[in-house]
Amino acid sequence: MQRPNALDLRRALTPSASFWAWTGTEANLGDRLFHGAAALCAFGVVAALAGMGVEMIRASLSSIERFGLGFVTEVTWDPVRELFGAAPFIFGTIVSSLLALAIAVPVAVGVAIFLAELAPAWLRTPASFVVELLAAIPSVVYGLWGVFVLAPWLRDTVQPALAAALGFLPFFGGPARGFGMLAGGLILAIMILPTIASVSRDVMVAVPTSYREAALALGATRFETVQVAVLPHAKAGIVGAVILGLGRALGETMAVTMVIGNRAEISASLFAPAATLASVIANEYAEATSDLYLAALSELGLMLFAVTLILNIGARLLVGKVGRAAPGVRGG
Amino acid sequence: MDAYRRRKVIDVGARAACVAATLLAVVPLVSVLAYVVVRGAAGLSWSFFTALPQPVGEAGGGVANAILGSLQLVGIACVLGVPVGVLAGIYLAEYGRGRFATAVRYAADVMSGIPSIAVGIFVYTLLVLSMRHFSALAGGVALAVLMLPTVTRTTEELLKLVPDSLREAGLALGVPRWRVVLKVVLRTGAPGIATGIMLAVARAAGETAPLLFTAFNNRFWSASLVEPIASLPVQIFTYAVSPYEEWHRQAWAAALVLVVLVLLMNAGARVLTRARGRSR
Amino acid sequence: MMAVEASREAAPTPGSAGDTARSAEARAAATAPAVKMQTEALRAWFGAHEVLKAVSLSIPERRVTAVIGPSGCGKSTFIRCLNRMHEVVPGARSAGAVLLDGVDIFERGVDPVLVRRRVGMVFQRANPFPAMSIADNVLAGLRLNGVRPRHPEEVVERALAQAALWDEVKDILSRSGASLSGGQQQRLCIARTLALEPEVVLMDEPCSALDPIATARIEELIHELKDRYTIVIVTHNMQQAARVSDFTAFFYIGELVEHGETDALFTRPQKARTEDYITGRFG
Ligand SMILES: Nc1ncnc2c1ncn2[C@@H]1O[C@H](COP(=O)(O)OP(=O)(O)OP(=O)(O)O)[C@@H](O)[C@H]1O
Ligand SMILES: [Mg+2]
């Protein structure tokens, strides 16, 4: 059989009918272009993340040079005198987030157990829907509610009662203002609860039914079944969910900014006003007058970026172990 | 028998605690929604949707520019973020093997956890500083960056659900791969991807923090990409922390509009998912 | 090459009436069918695992060639090599030559996309595009190739009629392709392939997911199609091979053991392995 030479090939392989307008090279070119465009966009994702880190370091350079490590421990934040210390904000961020976790985690795990294990089938979908609805409401709306509903309620009802009962503790000293650390922690708790609950629920649902049946067949009660068959397997995932929640709490901005009182002070009392890394950036970034001021604020942002980056990586490692892509969580 | 009774009590107690936790979790939601609806409805009027904000102390006025501004910002974000995100998702699902793809996936996951205010700083240094003023473009870019990881990963996940047999069918018809991807694979996954994009948009529409120092705010209409622009979330924030009664009323009304918009988009996304489930 | 030289007694009916060139060819083929495709020492690997060992086989034009053999012997790999669909599988490699009308489709510079347009494929599991209607499924091959037929309805009707599906679906053309029964879906996939007017149709166990009635319809269909198309069909069903094919190739662990006219191969197999297989002693 005689073979045509390479030059004849393309013609020989182009079907006779006229509508085959495409030639081989064009099709290849299309494939190459498309592949390239897609790869470029994919690279864009990496570039955006890397760019974020680089830009933030660049923006905070003059502050880093000026204050060094002392920035972290310095307690004075006085833009007028150009004295910038991050300690009050670090304190405020950590305390408000831990407060939020202390309130949200037990409730969220309870919700997750209810949704995954106890709720009758007809209730599971609507209940899960409500939990997801909670997560969909914009942060600024929670803040609005915090300003006009939560803070006044704390001021008039909760804080006087706490002061009367536990006023001897330093945490509950000082005047009842409503706006302050307690309000910040509480609103954060409300906002991170859906995240923790829904991720924990998914992790529990992923535990094979056969484990539960094994426990039930041994005569365990429903709750004992959860204890021995579900929670041990879901533990890593729940911890991951909590870390994701913490990541969100640390970076949550608007709602906290609106209720925390915004004062760069460190106080033992939960009633006192405070500020977080995110809240001070939200309040002052647009109005920062000097380059150093802007750099100091950027450095606060850089810290937030770095901490949430590390937390997210950690949480993903944990949740990933249970075989589930964790949803994105972020404060806004 | 005693031990049995104790176990029974613990069981009932623990289950009751779980139910109580769920009820407790629902309280703030009900409260937030109830306040937004009641107070918001009280603040709604025709001029609220059609008029510009009034200066302090003057009654009336509206947030028409902020509503339009939010739509513009979300529009810019979609134009920039959706094509890039979908293409990146296509890359991960169709070509994504090896280290680079793993890195992209990881970056997208991690990026979805970065606080939006940090994204605001990034865009500020990138665009606002170089352009020397706040702009709608900067706000839109910030929202696009926030949407990017969600759109990318949703697209990837949904394209991976498309069976390979359809890709084979397309290729066996002598269709170039890129066309198979666009016209067969993407089309098959489109309803789910649309759902994901809608959820991402709903989320972006409610973002406030990154807009504070990118899009900033504007008391007037703006159709320009390079001018500051008003948005509903920023308007709510500004009004809520102000000392004026009239502005508080408007903040609630604006919150109602925003919540309705966001929940509609969420519900729409859900309906889309369900409709798809039924047609299968 | 050897087996093809043997002529077949039954004269094939001419193709479409107006197509004089084709019927002339068909008359010529009546005595000695031309070789449409030919593999020369075709080898294929998945990773380090060699699944095709130097297979040389001729596929006569406008005849049905059946490929049989025990599971895992490389039948699917073989027919996928015929339109370069094996390249889609990660880790797959091949060597040797596959000639289509005398041109090696593996040669550098040959676009697999063009090969596949001339050599269509029907898969084991029906795979209509679920996001498209029945009519759009039929037109998919054309449209995806950027061709807008002047009269799409005619293309749809012709292809569906050729696939013996027209009567069943002519009133529901706008319904989703996924809404049909399994057998109908498979015929829809055949129609989708035929709409492109390929020269060769490869079928990889097209009936394995179907009931006997649907299977019978597809077999009838193959009979009708062989007037116009060169068909290669992989099947596990010996009776089916005997019923539908003119030539049969028997594969065993990557090797072509025996190849010849179907009647001869089934009645007087030359090799012991073939005999064992077709009499059901293994496989
Ligand atoms: N994707 C793959 N990756 C690795 N090895 C493969 C792959 N597909 C097939 N193989 C191997 O190639 C060999 C031939 O497979 P092939 O699918 O061609 O067999 P087959 O004759 O079609 O079998 P069956 O009758 O079961 O369809 C088998 O040994 C199989 O293990
Ligand atoms: Mg096979």
Verify side-chain contact (heavy atoms from CB on, under 4.5 Å) between A:V226 and A:M204, making sure each step is shown before the conclusion. CA-CA 9 Å; A:V226 173; A:M204 289 183 197; 5.7 Å; no
Residues passing the ring pair (Phe, Tyr, Trp, His ring centres under 6.0 Å) test with A:F89, sequence neighbours excluded, are A:W77
May I ask you to name which of A:L49, A:L144, A:T221 has the most heavy-atom pairs under 4.5 Å with chain B? A:L144
Do you know which of A:M258, A:Q227, A:E224 has the most heavy-atom pairs with chain B at a distance under 4.5 angstrom? A:E224
Between A:A104, A:G143, A:G301, A:A136, which shows the greatest number of heavy-atom pairs under 4.5 Å with chain B? A:A136
Does B:R153 pair with B:E157 as a salt bridge, N-O distance under 4.0 Å? yes
Chain A contact via B:V241 - side chain, backbone, both or neither, heavy atoms under 4.5 Å: side chain
Scored by heavy-atom pairs under 4.5 Å with chain B, the best of A:L300, A:L193, A:L309 is A:L309
Honestly, the part of B:A17 sitting under 4.5 Å from a heavy atom of chain A is neither
So, B:D11 and B:R15, do they make that salt bridge, N to O below 4.0 Å? yes
Out of A:I190, A:L150, A:V149, return the one with the most heavy atom pairs under 4.5 angstrom to chain B. A:V149
Contacts of B:T102 that satisfy side-chain contact (heavy atoms from CB on, under 4.5 Å) - sequence neighbours left out: none
If you tally heavy-atom pairs under 4.5 Å between each of A:L311, A:L294, A:L115 and chain B, the highest tally belongs to A:L294
Aromatic plane relationship, A:Y285 with B:Y124 - under 30° parallel, 30 to 60° tilted, over 60° perpendicular: perpendicular
